[in-house]
Protein chains: 2
Amino acid sequence: MESSSYEFLRGTLKTIVLKLLAEQGRMYGYQITQSVKERTGGEILLTFGALYPVLHKLEQEGMLVTESEEVEGRLRKYYSVTPLGSQTADEKVSEFERFVGLMRILLQSPPDVALGQ
Amino acid sequence: MESSSYEFLRGTLKTIVLKLLAEQGRMYGYQITQSVKERTGGEILLTFGALYPVLHKLEQEGMLVTESEEVEGRLRKYYSVTPLGSQTADEKVSEFERFVGLMRILLQSPPDVALGQ
DNA sequence: TTTGTATATATAAGATAGTTATATATTTTT
DNA sequence: AAAAATATATAACTATCTTATATATACAAA
């Protein structure tokens, strides 16, 4: 990841990956990084060092399943969501919206009481 | 911190603390935790183990200054933002909004193309 | 009276998550 | 022939956060 808003990405990676897979169907690792890059106009760049541990953990937790397929002589590993993964994706998206609501309360500027003066 | 949306809080603590101090003027540690708790209806609970390291780091970075004052026989440490801290608070709030915009692009449900059928 | 709760600041130990660097290998473009 | 893009993955390191601990006062309840 790059750019300045990356500190905020901490903790959102799992949600991004799960939701993307729930929406797009099966994808392989490289494809996930490219999809995130394209959809955000290059502003969010997932690193493999972050992505693969997340994919492996989600697989361990029963959120994802994998199939390996030979494409052009190379093994490619596809990841897709399980029903649990799909449900969790929806839950995490709701939680994120709730979190943004709380953050807005904390970060909003105080109302300018002198405006009517 | 408690509740389920806490994974998303990772990386937002500095922003919350800076913005709160920029807005409210000087505050002491305990007061910051109480203010966050009240404003979020108890949904975000800052722990001291997270708060104090952040306050000390922001002080080191020149974002905050401290004054110690004796209140009811005890020393109380007040933190307030410097001009740099105030400017950084605004920047971080903008960055957060930009980040939320990017997240929405990634997390939005795909348009239901079959609706017109 | 002593136990618990609230107020108040802070550090230490440990866990988790993420970044950067590295290894490996093929295909396509320059 | 070299560089860039495609492709998966691990290792070392760092930052951040959680949980536990230490210290101390004031007040309310049992």
Side-chain angles (χ1 to χ4, degrees), chain A residues 1-18 21 26-38 42 44-61 63-64 66-79 92 96 99, chain B residues 1-18 21 26-38 42 44-61 64 66-80 92 99 103:
Chain A
M1 304 174 196
E2 206 205 52
S3 139
S4 54
S5 63
Y6 277 117
E7 42 181 312
F8 299 121
L9 259 174
R10 309 194 125 265
T12 61
L13 230 160
K14 247 176 161 174
T15 303
I16 290 172
V17 169
L18 259 187
L21 285 169
R26 69 176 206 169
M27 297 174 91
Y28 50 97
Y30 186 80
Q31 192 183 10
I32 293 172
T33 65
Q34 294 308 298
S35 175
V36 168
K37 187 181 172 184
E38 274 168 39
I44 295 183
L45 303 175
L46 302 187
T47 60
F48 299 114
L51 178 64
Y52 286 112
V54 163
L55 286 172
H56 300 332
K57 194 157 188 222
L58 288 171
E59 193 185 355
Q60 270 172 43
E61 293 170 348
M63 309 275 183
L64 302 181
T66 60
E67 325 156 65
S68 288
E69 209 170 282
E70 209 181 298
V71 179
E72 287 158 36
R74 275 179 272 170
L75 265 190
R76 182 179 282 173
K77 205 165 170 185
Y78 282 98
Y79 298 84
K92 282 188 173 290
F96 181 74
F99 159 73
Chain B
M1 305 174 195
E2 192 247 19
S3 139
S4 53
S5 62
Y6 275 119
E7 42 181 311
F8 298 122
L9 260 173
R10 308 193 126 266
T12 62
L13 230 160
K14 248 176 160 174
T15 303
I16 291 172
V17 169
L18 260 187
L21 285 169
R26 68 175 206 170
M27 297 175 92
Y28 51 97
Y30 186 79
Q31 192 183 10
I32 292 172
T33 65
Q34 295 308 297
S35 176
V36 168
K37 186 181 172 184
E38 275 166 38
I44 294 183
L45 304 175
L46 302 188
T47 60
F48 299 114
L51 178 63
Y52 286 113
V54 163
L55 286 172
H56 300 332
K57 194 159 189 220
L58 288 172
E59 194 185 355
Q60 272 171 42
E61 294 171 348
L64 303 181
T66 60
E67 325 158 65
S68 289
E69 209 170 281
E70 207 181 300
V71 179
E72 286 158 34
R74 275 180 272 172
L75 265 191
R76 183 178 283 173
K77 204 165 170 184
Y78 282 98
Y79 298 83
S80 44
K92 283 187 173 292
F99 161 73
M103 281 298 284

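Convention: sequence-line order gives letters A, B, ...; per-chain numbering from 1.
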A.B. asks: Among D:dT19, D:dT8, C:dT7, which nucleotide sits nearest the side chain of B:Gln34?
C.D. replies: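 Nucleotide nearest to B:Gln34's side chain: C:dT7.
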A.B. asks: Do the side-chain N or O atoms of A:Lys57 get closer than 4.0 angstrom to the phosphate oxygens (OP1, OP2) of C:dA17?
C.D. replies: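 For C:dA17, OP1/OP2 do have a side-chain N/O of A:Lys57 under 4.0 Å.
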A.B. asks: Find the distance between CD (A:Glu38) and CD1 (A:Ile44) and round it off to the nearest 0.5 Å.
C.D. replies: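 The distance works out to 14.0 Å.
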A.B. asks: Between the protein and nucleotides 9-12 of chain D, list every N/O to N/O distance that falls short of 3.5 Å.
C.D. replies:
| unit_1 | atom_1 | unit_2 | atom_2 | d |
| --- | --- | --- | --- | --- |
| D:dA9 | OP1 | A:Lys77 | NZ | 3.2 |
| D:dA9 | OP2 | A:Tyr79 | OH | 3.0 |
| D:dT10 | OP2 | A:His56 | NE2 | 3.3 |

A.B. asks: Checking A:Glu61 now: which residues fulfil side chain to side chain contact (heavy atoms under 4.5 Å, CB included) with it, not counting sequence neighbours?
C.D. replies: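 Here the qualifying residues are A:Lys14, A:Lys57, A:Leu58, A:Met63.
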A.B. asks: Could you state the CG-P distance from B:Leu9 to D:dC17, rounded to the nearest angstrom?
C.D. replies: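 Atom-to-atom, B:Leu9 to D:dC17, this comes out as 8 Å.
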A.B. asks: Within this structure, what is the CD-to-C1' distance between A:Glu67 and D:dT8, rounded to whole angstrom?
C.D. replies: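 In whole Å, D:dT8 C1' and A:Glu67 CD are 17 Å from each other.
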A.B. asks: Starting from C1' on C:dT7, measure out to OH on B:Tyr78 and report it in whole angstrom.
C.D. replies: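 Computing the B:Tyr78:OH to C:dT7:C1' distance gives 13 Å.
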A.B. asks: So, is B:Tyr28 near the phosphate of C:dA8, with a side-chain N or O under 4.0 Å from OP1 or OP2?
C.D. replies: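 So the side-chain polar atoms of B:Tyr28 do come within 4.0 Å of the phosphate oxygens OP1 or OP2 of C:dA8, strictly under.
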A.B. asks: Tell me the interatomic distance from B:Leu51, atom CG, to C:dT11, atom C1', rounded to whole angstroms.
C.D. replies: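 Atom-to-atom, B:Leu51 to C:dT11, this comes out as 14 Å.
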A.B. asks: Does the side chain of A:Arg10 get closer than 4.0 angstrom to OP1 or OP2 of C:dA17 through an N or O atom?
C.D. replies: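 Answer is no, no contact under 4.0 Å.
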A.B. asks: According to salt bridge (charged side-chain N to carboxylate O under 4.0 Å, His left out), who are the partners of B:Arg26, at least two apart in sequence or on a separate chain?
C.D. replies: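 Here the qualifying residues are B:Glu67, B:Glu69.
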A.B. asks: Calculate, to the nearest 0.5 Å, the distance between atoms OH and NE2 belonging to B:Tyr79 and B:His56 respectively.
C.D. replies: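 It comes to 5.0 Å.
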A.B. asks: Note the angle between the end axes of the helix from C:dT1-D:dA30 to C:dT30-D:dA1, five pairs defining each, rounded to 10 degrees.
C.D. replies: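 Inter-axis angle at the termini of the helix from C:dT1-D:dA30 to C:dT30-D:dA1: 10°.
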A.B. asks: How would you list, by chain and number, every residue that makes a side chain to side chain donor-acceptor pair (under 3.5 Å) with B:Thr66, sequence neighbours excluded?
C.D. replies: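 Partners of B:Thr66 under the side chain to side chain donor-acceptor pair (under 3.5 Å) test: B:Glu59.
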A.B. asks: Of all the heavy-atom pairs spanning B:Gly11 and A:Arg10, show the shortest one and how long it is.
C.D. replies: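 Result for this residue pair: CA-CD, 4.0 Å.
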A.B. asks: Who are the salt bridge (charged side-chain N to carboxylate O under 4.0 Å, His left out) partners of A:Lys77, not counting sequence neighbours?
C.D. replies: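 Here no residue qualifies.
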A.B. asks: Round to the nearest Å and state the distance from B:Tyr30 atom OH to C:dT5 atom P.
C.D. replies: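 To the nearest whole Å, that distance equals 13 Å.
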A.B. asks: Could you pull out all residues at least two apart from A:Phe48 that satisfy side chain to side chain contact (heavy atoms under 4.5 Å, CB included)?
C.D. replies: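 Residues passing side chain to side chain contact (heavy atoms under 4.5 Å, CB included) with A:Phe48: A:Tyr30, A:Thr33, A:Tyr52.
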A.B. asks: Calculate the interatomic distance between A:Phe8 atom CZ and C:dG18 atom P; express it in whole Å.
C.D. replies: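 Checked: the CZ to P distance equals 15 Å.
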A.B. asks: Let me know the distance between CG of B:Leu45 and C1' of D:dT19, rounded to the nearest Å.
C.D. replies: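 In whole Å, D:dT19 C1' and B:Leu45 CG are 15 Å from each other.
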A.B. asks: Tell me, do B:Leu18 and B:Leu64 make a side-chain contact under 4.5 Å, heavy atoms counted?
C.D. replies: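 B:Leu18 vs B:Leu64: side chains touch.
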A.B. asks: Contact class for B:Lys14 vs. all strands (heavy atom < 4.0 Å): base, sugar-phosphate, or nothing?
C.D. replies: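 Since no nucleic acid heavy atom lies under 4.0 Å of B:Lys14, the category is nothing.
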A.B. asks: Once you round it to whole Å, what is the distance between P of C:dA8 and CG of B:Leu46?
C.D. replies: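 Taking atom P of C:dA8 as the reference, CG of B:Leu46 is at 16 Å.
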